[in-house]
**Q** 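Okay, here's the structure, questions in a sec.
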Number of protein chains: 2
Amino acid sequence: MTRTANNAAVPIELNAVIVAVADGEPYLLTGEGQGLPSGPFESGHRTLEQGLRAWARRKGARNLGYVEQLYTFADVGRTSAGCRSVSIGYLALVHDGDEALGTTWSPWYKHLPWEDHRDGKPRIIAQSIMPALAAWKNKASGAAEKRARAERIGIAFPSDVRQWNDELVLQRYELLWEAGLVAEAGRAKNGLGLPMPYDHRRILATAMARLRAKIKYRPVVFELLPPQFTLLQLQTTVEALAGLRLHKQNFRRLVETQRLVEETGAVTRGASGRPAKLFSFRRKVLQERAAAGTKLPRS
Amino acid sequence: MTRTANNAAVPIELNAVIVAVADGEPYLLTGEGQGLPSGPFESGHRTLEQGLRAWARRKGARNLGYVEQLYTFADVGRTSAGCRSVSIGYLALVHDGDEALGTTWSPWYKHLPWEDHRDGKPRIIAQSIMPALAAWKNKASGAAEKRARAERIGIAFPSDVRQWNDELVLQRYELLWEAGLVAEAGRAKNGLGLPMPYDHRRILATAMARLRAKIKYRPVVFELLPPQFTLLQLQTTVEALAGLRLHKQNFRRLVETQRLVEETGAVTRGASGRPAKLFSFRRKVLQERAAAGTKLPRS
DNA sequence: GTAATAGTGTCTTTCAGACAGTATGAC
DNA sequence: GTCATACTGTCTGAAAGACACTATTAC
């Protein structure tokens, strides 16, 4: 615990991927230049998370609900000036998306359009991505490297739709980045998707991957929903995050057997079609199953 | 991305939980004063992970295998001096445990003895923990708080052994900490388990929780094993990490159906009993199933 | 032979995936 | 009545959990 001379003292920067879902579309809050809202960690705060919350409140994004640390980067050359800084990425979920001055809600699939498979495989994959990746594969030096690239491509962008893995967001982003298909820091060229400054789009990919994995074993979706919701709203929100269409009946059975929700007695009115029951999240499950399933065969 | 005046520039400290398993017992590398090996992040390195690897190599702990970032803390008063520092926790797995100068391998269940359920529920739970937690519960002010405490206790330390959740390491540690049963920073008192300096035992609990969760869906156990191993060795290693006894036949079926290993042709010699086949990890699965199971019912 | 550990075969229960069908509103 | 959406019942096949059994070594 001794302090040495070359101990690097550096500024800390917080970057937050603040997510909201409205009308079945996921959005993220962006600040100046389409970038993630980011700011310095100030000495006044006791913990990083408190610093983030206070700073988000000041920025106008209502009280953050669920907050999770993503990753800490400390690479040189992260920022434009070339000076080193430490950047701590956060994922935050809110359910009321109002904008503050200088911020906008941006649909996250605008930045990563190949991730949305709700209406089948996006055209962009067959039209732009696969040909470009094939070319990149063929540029490889050596047969081994060529095979390795082919395998990575096959896993990230499988030809069979049923093999699409929604959690591989970061792997796909890095693959496209290596192949020169996505640009960072404004150099848009003919790149795919809307770029973001610095490495912010990579942080978004990290957040999306984490969130898609998390909704499968922790009830965090409810942080994105109002206190009362219909089962269809719940399903649509999950579909929006996963970028996949789900099987209605089986989804409902899943929700029911896990006892995630309870009826409120109220129903929707006015819409066309049969009115839907309104449900609320059973907060108790947060304690009941702090972690869900062991996959190990106990003796 | 503007630098403000109260932007806190602080030193970065790396803390690593370096894990090895020998003879079915998990160990962690400890430095001075039974603490985690820790050191400053030096300006010479390109990334945090590279800094960690270089520094671990210099400390003598052979090349780190699997490395994973755990969490970044920046609380005030973390260190003894009261000055703030940022601490980044890492989990690293190695399979050859040799010691460097000034370091020792310490069995991790010495620090968290209530986590080892391989020989049934540890005595310490019935003898010390449950009575003390009951007393702590009764000290609560108000019936609601009392009920909340009772519920937390019931989940963290269930009376039915079959309900024991091996992943709740951190929840249990924090529960015991709130109840004053584990001491930090040397004030051993009549606390449970071997203390570690600063918040290092909490970081160990975080690492254990992460590792126990991870082995269930990612093949990281193999980072702790030699290149060739028997199925029993594999099972014993998983049991050591999970702190649970597993069902032999079903464990083997799991390993087989997931095609995690392949026969090498060699067998063990000299031990009593039938010789066991030696297996090696099928590295291909790392690519095949970069992520394993979707739990969502796709349409 | 016995003791000790390695490995196989199979039964049962539970749960995920898929099907078709009925209910209740707006118009 | 039609249309649109909400909800229910049930079949099937694949795993998870648990049982008993055979195999190969050292002594």
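Numbered from 1 within each chain, the chains take letters A, B, ... in sequence-line order.
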**Q** Which residue, A:P275 or A:Q249, contacts DNA chain C at a nucleotide closer to its 5' end, judged by nearest heavy atom?
**A** A:Q249

**Q** Would you say the side chain of A:Y109 lies within less than 4.5 Å of the side chain of A:R118, judging by non-hydrogen atoms?
**A** yes

**Q** What's the separation between atom CH2 in A:W108 and atom CG in A:L211, rounded to the nearest 0.5 Å?
**A** 5.0 Å

**Q** Nearest whole Å is fine: how far is C:dG21 C1' from A:K248 NZ?
**A** 13 Å

**Q** Would you say the side chains of A:Y66 and A:E68 form a donor-acceptor pair under 3.5 Å?
**A** yes

**Q** Rounded to whole angstrom units, what separation is found between the NZ atom of A:K277 and the P atom of C:dG25?
**A** 12 Å

**Q** Can you identify which nucleotide, out of C:dG7, D:dA18, D:dT8, has its nearest atom closest to the B:H247 side chain?
**A** D:dA18

**Q** In whole angstrom, what separates A:R245's CZ from C:dA18's P?
**A** 16 Å

**Q** Calculate the interatomic distance between B:R162 atom CZ and D:dG17 atom P; express it in whole Å.
**A** 10 Å

**Q** Nearest to the side chain of A:A276, heavy atoms from C-beta on, is which of C:dA18, D:dA6, D:dA18?
**A** D:dA6

**Q** For B:R269 and D:dT25, what is the distance between atoms CZ and P respectively, to the nearest whole Å?
**A** 8 Å

**Q** Between the base of C:dG7 and the side chain of B:R253, is there a donor and acceptor pair under 3.5 angstrom?
**A** no

**Q** Can you measure B:L246 atom CG to D:dA16 atom P for me and round it to whole angstrom units?
**A** 14 Å

**Q** What is the separation between atom CZ on A:R274 and atom P on C:dT22, rounded to the nearest whole Å?
**A** 14 Å

**Q** Should the heavy atoms of other residues, nucleotides or ligands under 6.0 Å from CG of A:D23 be counted, would the total exceed 12?
**A** no

**Q** Send over the distance from B:L278 CG to C:dG7 C1', rounded to a whole Å.
**A** 15 Å

